[in-house]
Amino acid sequence: MFCICFTNNDKTNTDSTDPFVLTAPLYYVNAPPHMGSAYTSIAADAIARFQEPFGLLGKKVAFSTGTDEHGEKIAAAAAAGLSSPNTATLYLKHIAYDKFIRTTDPKHEEIVKEFYSRVLANGDIYKVDYEGLYCINCEEYKDEKELLENHCCPIHLKPCVARKEDNYYFALSKYQKPLEETLTRNPDFVQPSFRLNENIIYAPSILHVQSWIKSGLSDFSISRASVDWGVPVPNDDKQTIYVWFDALLGYISALSGNKDQPNLQTAVSSGWPASLLLIGKDILRFHAVYWLAMLTSAGLTVPKKDGMKMGKSLGNTLEPNELVHNFGPDAVRYFFLKEVEFGNDGDYSEDRFINIVNAHLANTIGNLLNHTRGLLRKNCKSTLVVDSAIAAEGTAFKDNVEKLVENVRGHYENLSLSSACEVVLEIGNAGNSYMDEEHHGHFLSMGDLVIILEAMRIIAVALSPVTPNLKLENIRTAWLLKQPVQLCNLDFVMQCDTKWGGLKGGQVMAQPKPVFARIEQRAETEDRSELAAKMDLKNKGKPKAIAVPVAEAEA
């Protein structure tokens, strides 16, 4: 998985009431989504849920994503699948985005044309004949020094094709010094910072992103004469706007909402620059270099970024929908956000997945909750005998939980999702220790049961950005109560609060039932060839059609 983020941390121009604007990439639609791209959306969704109203910070959130539906490879994939490119879309299930943009949307096209005209008026667009080697998958011309043997692209390992055409070019070289100065002033512009110094392979040499900039920027093509599928260049209907100069504007056009007459200024005023941009490291150059120069040329604000994170690298054909179907969305979200540290590369195996989910969710958290509720039913007819605040007065356990909760919030704020999961798990471990080591399980007082159940309530809230269905389950039963209660009538702290004291004496708890079902290991006698066919990471024999069904966003 490849995930990078840019953050807007210009504190001088922000207000506590400002919305938290978060963007995930615009994904290509020439193939079904894979786990590598799904990770970025899962991470963005968790961050948005942490920020959102009724989340842990209670901010107004605008989470946008979308699809890049223009370009040569999209048109080619659509033709191969006997479908029209504008029927392609992205299957995003269990991702609660607020705004979704398609580059084929007319409002996006209008904003792209307006942006193009601004850059043209600034003198940064010119037309020139060009002959070179073109990578269809990268959607860009390559310098021969970048390529491997037989003119193969170092990213896609496919031969580039020779092309000659007249295109419009953007004067990137004009912004050489401003870009160098921006990155020097903001060493944390990209998080983790080592990604800004990450190697870019140019056979026979290896350069860093910053070194690549200092070696001299070249102007790049922003139109194509040989591709019909795209946004027409204003005043030249024989050319279409190059995919990157088009797609990057999706971050802004998504903010235009449902306005009847969207324009660049109204879209910008709705939340640009974004608070956080999540991207893949394989497209770092376009965002950290091209995009910044384009924004500057158009007179738009360049995010004052001092942070950026990345995700891990997995097989890019591991299917998220298959995993969710087999194991459920919360288990998939938990494993990848907990075990795949945001910022590094990681691996997946089904055995490791099952072991982690069972140990953390089913055993540490699920069994503790079920055991405690079982004892409450047996000894108190499922009724809380005392307020959790009173039951825990003067206890070291309460103090420990409160400290751990503060750590969880800090990790979420720093985008350390793996660490946030780890600390939530510590709360579960502390609860198990409280029950097993200090009180030996069978000798818990009724107050002790309330204390553990309060810790479980806090776990449900603290883990909700990662496992939202656990939070929803608890809301439906009003924090494990037997009788559902309207949220507006709750007489205790609202469900987003992680402060100790949410449970009140006299409340009747729901009957014990598994919150996280244990995943059974597949029997050794199972036909492994059939299993391999279902989970084949190479997806051999699967259709390549790009038309995929639309699904409503699900919480």
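- With sequence neighbours excluded, the residues satisfying salt bridge (Lys or Arg N to Asp or Glu O under 4.0 Å) with Lys142 are Glu140, Glu146.
- In plain terms, the two heavy atoms of Cys138 and Phe286 that are nearest each other are O-CZ, 4.4 Å.
- Phe50 and His411 have their aromatic ring centers separated by at least 6.0 angstrom.
- A side-chain donor from one of Asp448 and Tyr434 sits under 3.5 Å from a side-chain acceptor of the other.
- Classification of Lys59 and Glu52 as a salt-bridged pair fails, no side-chain N sitting under 4.0 Å from a carboxylate O.
- A 4.5 Å side-chain heavy-atom check between Ile279 and Tyr251 finds at least one atom pair inside the cut-off.
- A salt bridge links Glu339 with Arg352: the distance from a Lys NZ or Arg NE/NH1/NH2 to an Asp or Glu carboxylate oxygen falls below 4.0 Å.
- Two residues are said to be in side-chain contact when any heavy atoms from C-beta on lie closer than 4.5 Å; Val405 and Ile458 meet this criterion.
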Under the side-chain contact (heavy atoms from CB on, under 4.5 Å) rule, what do Leu22 and Leu278 come out as? Steps first, then yes or no, please.
-> CA-CA 8 Å; Leu22 167 67; Leu278 302 183; 4.2 Å; yes
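- Aromatic ring pairs are classed by plane angle as parallel below 30°, tilted from 30° to 60° and perpendicular above 60°; the pair Phe100 and Tyr97 is tilted.
- Shown here for Ile452 and Gly431, the closest heavy-atom pair between the two residues is CD1-O, 4.3 Å.
- Looking only at distances, no side-chain donor or acceptor of Thr67 sits under 3.5 Å from a matching main-chain atom of Arg102.
- Closest non-hydrogen pair, Val243 versus His70, comes out as CG2-O, 3.8 Å.
- Shown are Cys152, Pro154, Cys135; of these, the side chain to side chain contact (heavy atoms under 4.5 Å, CB included) with Leu147 is made only by Pro154.
- Interatomic distance, Leu368 CG to Met456 CE, rounded to the nearest 0.5 Å: 4.5 Å.
- Judged purely by atom type and a 3.5 angstrom limit, Asn370 has no side-chain atom pairing as donor or acceptor with the backbone of Gly366.
- With hydrogens and angles disregarded, no donor-acceptor distance shorter than 3.5 Å links the side chain of Asn400 to the backbone of Ala396.
- Side-chain atoms of Phe353 and Leu323, non-hydrogen and from C-beta on, never get closer than 4.5 Å to each other.
- Taking every heavy atom of both residues into account, Leu361 and Ala331 meet most closely at CD1-CA, 4.3 Å.
- Here the shortest heavy-atom pairing between Ile519 and Val357 reads CD1-CG1, 3.8 Å.
- Atom SG of residue Cys160 and atom CG of residue Leu148 lie 9.0 Å apart, to the nearest 0.5 angstrom.
- Ser418 contributes a side-chain N or O that, together with a main-chain N or O of Lys338, makes up a donor-acceptor pair within less than 3.5 Å.
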Do Arg518 and Asn363 pass the side-chain contact (heavy atoms from CB on, under 4.5 Å) test, and can you show the C-alpha distance, the side-chain angles, and the key distance before you say yes or no?
-> CA-CA 8 Å; Arg518 181 177 177 80; Asn363 296 346; 3.4 Å; yes
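- Smallest separation of non-hydrogen atoms from Tyr27 and Thr40: OH-CB, 3.6 Å.
- Taking a cutoff of 4.0 Å between a charged side-chain nitrogen and a carboxylate oxygen, Arg457 and Glu454 qualify as a salt bridge.
- A salt bridge links Glu402 with Lys398; the closest basic N to acidic carboxylate O contact falls under 4.0 Å.
- In this structure, Phe63 has its ring center no closer than 6.0 Å to that of Phe20.
- Although no hydrogens or angles enter the test, the distance criterion places a donor-acceptor pair under 3.5 Å between the side chain of Tyr412 and the main chain of Ala462.
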Give the C-alpha distance, both sets of side-chain angles, the deciding distance and a yes or no for side-chain contact (heavy atoms from CB on, under 4.5 Å) between Asp98 and Val61.
-> CA-CA 8 Å; Asp98 302 286; Val61 174; 4.1 Å; yes
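- Residues Ile451 and Met435 are not in side-chain contact: their nearest non-hydrogen atoms beyond the backbone lie 4.5 Å or more apart.
- Under a 3.5 Å cut-off, the side chain of Arg373 and the backbone N or O of Leu453 do not form any donor-acceptor pair.
- Asn432 places a side-chain N or O within 3.5 Å of a backbone atom of Thr364 that can act as its donor or acceptor partner.
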Step by step, work out the ring-ring contact (aromatic ring centres under 6.0 Å, His included) result for Phe336 and Tyr39.
-> CA-CA 7 Å; Phe336 285 104; Tyr39 177 84; 7.2 Å; no
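- Between Arg49 and Asp45 there is a salt bridge, since a side-chain N of the basic residue sits under 4.0 Å from a carboxylate O of the acidic one.
- Between Leu276 and Thr23 there is no side-chain heavy-atom pair separated by less than 4.5 Å.
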Does the pair Ile42 and Val466 meet the rule for a side-chain contact (heavy atoms from CB on, under 4.5 Å), with working shown?
-> CA-CA 8 Å; Ile42 292 172; Val466 176; over 6 Å; no
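- For the atom pair CG (Asn355) and CD (Glu350), the distance works out to 10.5 Å, reported to the nearest 0.5 Å.
- In this structure a side-chain-to-backbone donor-acceptor pair under 3.5 Å is present from Thr65 to Pro25.
- Of the possible polar contacts, none joining the Arg377 side chain to the Ser382 backbone as a donor-acceptor pair under 3.5 Å is found.
- Once rounded to the nearest 0.5 Å, the distance linking CD1 of Ile427 with CG of Asn407 reads 9.0 Å.
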